[in-house]
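Order of appearance sets the numbers: ligands from 1, and atoms from 1 within every ligand. Predicted model, so just to flag it, every value in this text is computed and none were measured.
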Amino acid sequence: MTHYLITGGAGFIGSHLADALIEQGHEVTIIDDLSTGRFSNIQHLVDHPNFHFAIDTITNVVVLDRLASMCDVIIHLAAAVGVRLIVENPVHTIETNVMGTEAVLKVALRYRAKVLLASTSEVYGKGNRLPFKEDDDVLLGPTIHNRWAYAASKMIDEFLGLAYYQEKGLPVVVFRLFNTVGPRQTGRYGMVIPRFVQQALNNEPITVYGDGKQQRSFTWVGDVVEALTNLAENPAAVGKVFNIGHQKEISIYDLAKLIKKLTGSQSEIKLIPYEEAYADAANFEDMQRRLPDIGKISKQIGYQPSIDLEEILKNVIAYHKE
Ligand code: UDP
């Protein structure tokens with residue numbers, strides 16, 4: 001039995017990860033300040049003898065220290081997330097991502113806990129050589145565009161994590177998440193699939209930003225969780241960076257059409273100019289494509305996405321109907 005600490009454990013991905021680790025017989029402690037996470041995501045776990053929680057921020061070092069002292073592995077998911085939240089709260093984004101990760105690595109070193117560090121496909125920025133590979137060069141936009149602060153803050157996290165590994169021998173694994181979807185994900189912070197599904201179920205207009213030709217590939221949260229538990233148990237993954245994603249792309253316009261079809265919705269599909277979509281649209285840049293190369297993680301732990309978009313959407317639609 002391993003004792004895991006999940007930062008951001010009441011969030012969408014963190015709570016699914018907690019479920020899986022408890023199911024596997026591990027001990028799980030989570031810390032979450034409920035800024036974007038929700039207590040209802042972990043409510044069903046609170047009476048489990050192997051589950052513990054602290055509602056607090058990871059920058060409360062006294063609390064973080066106590067929790068880390070009891071754990072073997074820290075999976076660091078706590079971060080500012082969601083494009084809407086990020087472009088509207090750049091100070092919060094940069095401070096949470098940089099100072100939070102610094103705090104986690106410091107306590108991990110104190111107790112020699114292994115760290116799995118969440119990063120993001122955003123770090124590939126405007127790279128146009130697809131699919132994105134872990135050792136590709138990165139091209140970010142200028143500093144006046146808030147979106148790139150998120151990518152840059154996550155790159156600092158990666159640098160810091162890898163530096164702790166190289167310089168101090170701390171076992172650190174970095175993973176870059178691509179668009180992940182599943183139950184408990186909310187559309188409140190901008191994520192496209194929960195937004196479209198709710199709009200479709202309510203027969204409201206489905207809001208496609210820009211011309212809808214931008215493409216994404218979506219991964220089932222269960223596949224991400226399985227990848228994380230396998231990476232945590234794989235000693236040879238230490239000191240490396242891994243993409244976690246799915247390799248099938250769809251345009252956002254076609255995604256809207258598919259969700260409309262699968263829900264049997266009467267919604268119209270409405271193109272919304274970026275200026276109307278984001279408060280600070282002048283400082284906003286969307287990414288046209290974002291596709292992972294998953295060769296490295298497949299080779300390391302045998303990772304393969306188990307389900308395709310249509311099945312993912314059916315699960316998400318069923319969740320939102322409930
Ligand atoms: N998007 C959209 N309508 C929405 C929310 C998002 O058309 O109501 C688009 C967004 O502009 C982007 C894509 O969907 O091109 C994915 O957005 P999301 O915020 O889910 O993830 P990310 O941009 O980080 O890939």
J.: Just wondering, do Y303 and N230 contact through their side chains at under 4.5 Å, heavy atoms?
T.: no

J.: With a cut-off of 4.0 Å, which atoms of ligand 1 are near a heavy atom of E122?
T.: 24 (O)

J.: Between W148 and N146, is there a side-chain heavy-atom distance shorter than 4.5 Å?
T.: no

J.: Got a salt bridge between K133 and D136, using NZ or NE/NH1/NH2 to carboxylate O under 4.0 Å?
T.: no

J.: For atom 7 (O) of ligand 1, what is the closest protein heavy atom, and at what distance to 0.1 Å?
T.: Y209 N, 2.7 Å

J.: Which residue holds the protein heavy atom closest to atom 3 (N) of ligand 1, what is that atom called, and what is the gap in Å?
T.: T207 O, 2.6 Å

J.: Give a yes/no verdict on whether any heavy atom in R147 is under 4.0 Å from an atom of ligand 1.
T.: yes

J.: Here's a test for you: under side chain to side chain contact (heavy atoms under 4.5 Å, CB included), which of V197, I259, L255, I206 qualifies with V192?
T.: L255

J.: Tell me, do L228 and F175 make a side-chain contact under 4.5 Å, heavy atoms counted?
T.: yes

J.: As a quick check of understanding, evaluate side-chain contact (heavy atoms from CB on, under 4.5 Å) for V173 and K240, giving each step before the final call.
T.: CA-CA 6 Å; V173 182; K240 297 179 186 163; 5.8 Å; no

J.: So which protein heavy atom does atom 21 (O) of ligand 1 come closest to, and at what separation?
T.: N179 ND2, 3.3 Å

J.: Are any of the side-chain nitrogens in D65 or K106 under 4.0 Å away from the carboxylate oxygens of its partner?
T.: no

J.: Side chains of R216 and R289: closer than 4.5 Å at any heavy-atom pair?
T.: no

J.: Tell me the protein heavy atom at minimum distance from atom 11 (O) of ligand 1, and give that distance in Å.
T.: D286 OD2, 3.0 Å

J.: Hey, does V192 come in under 3.5 Å of ligand 1, counting only N/O atoms on both sides?
T.: yes

J.: Give yes or no for whether the N/O distance cutoff of 3.5 Å, strictly under, is met between Q199 and ligand 1.
T.: no

J.: Is the closest side-chain donor-acceptor distance between S119 and E158 under 3.5 Å?
T.: yes

J.: Could you tell me whether R184 and D19 make a salt bridge, using a distance below 4.0 angstrom between a side-chain N and a carboxylate O?
T.: yes

J.: Heavy atoms only, cut-off 4.0 Å: how does M287 contact ligand 1, side chain, backbone, both, or neither?
T.: neither

J.: What is the nearest protein non-hydrogen atom to atom 13 (C) of ligand 1, stated with its residue, atom name and distance?
T.: I252 CD1, 3.6 Å

J.: Among all protein heavy atoms, pick out the one at the shortest distance from atom 22 (P) of ligand 1; state its residue, atom name and that distance to 0.1 Å.
T.: R290 NH1, 3.3 Å

J.: Does F196 come within less than 4.0 Å of ligand 1, judged by its heavy atoms?
T.: yes

J.: Looking at V208, which atoms of ligand 1 are within less than 4.0 Å of one of its heavy atoms?
T.: 7 (O)

J.: For atom 8 (O) of ligand 1, which of R195, M191, R289 has the closest heavy atom?
T.: R195

J.: To which protein heavy atom is atom 19 (O) of ligand 1 closest, and what is the distance rounded to 0.1 Å?
T.: G190 O, 3.4 Å

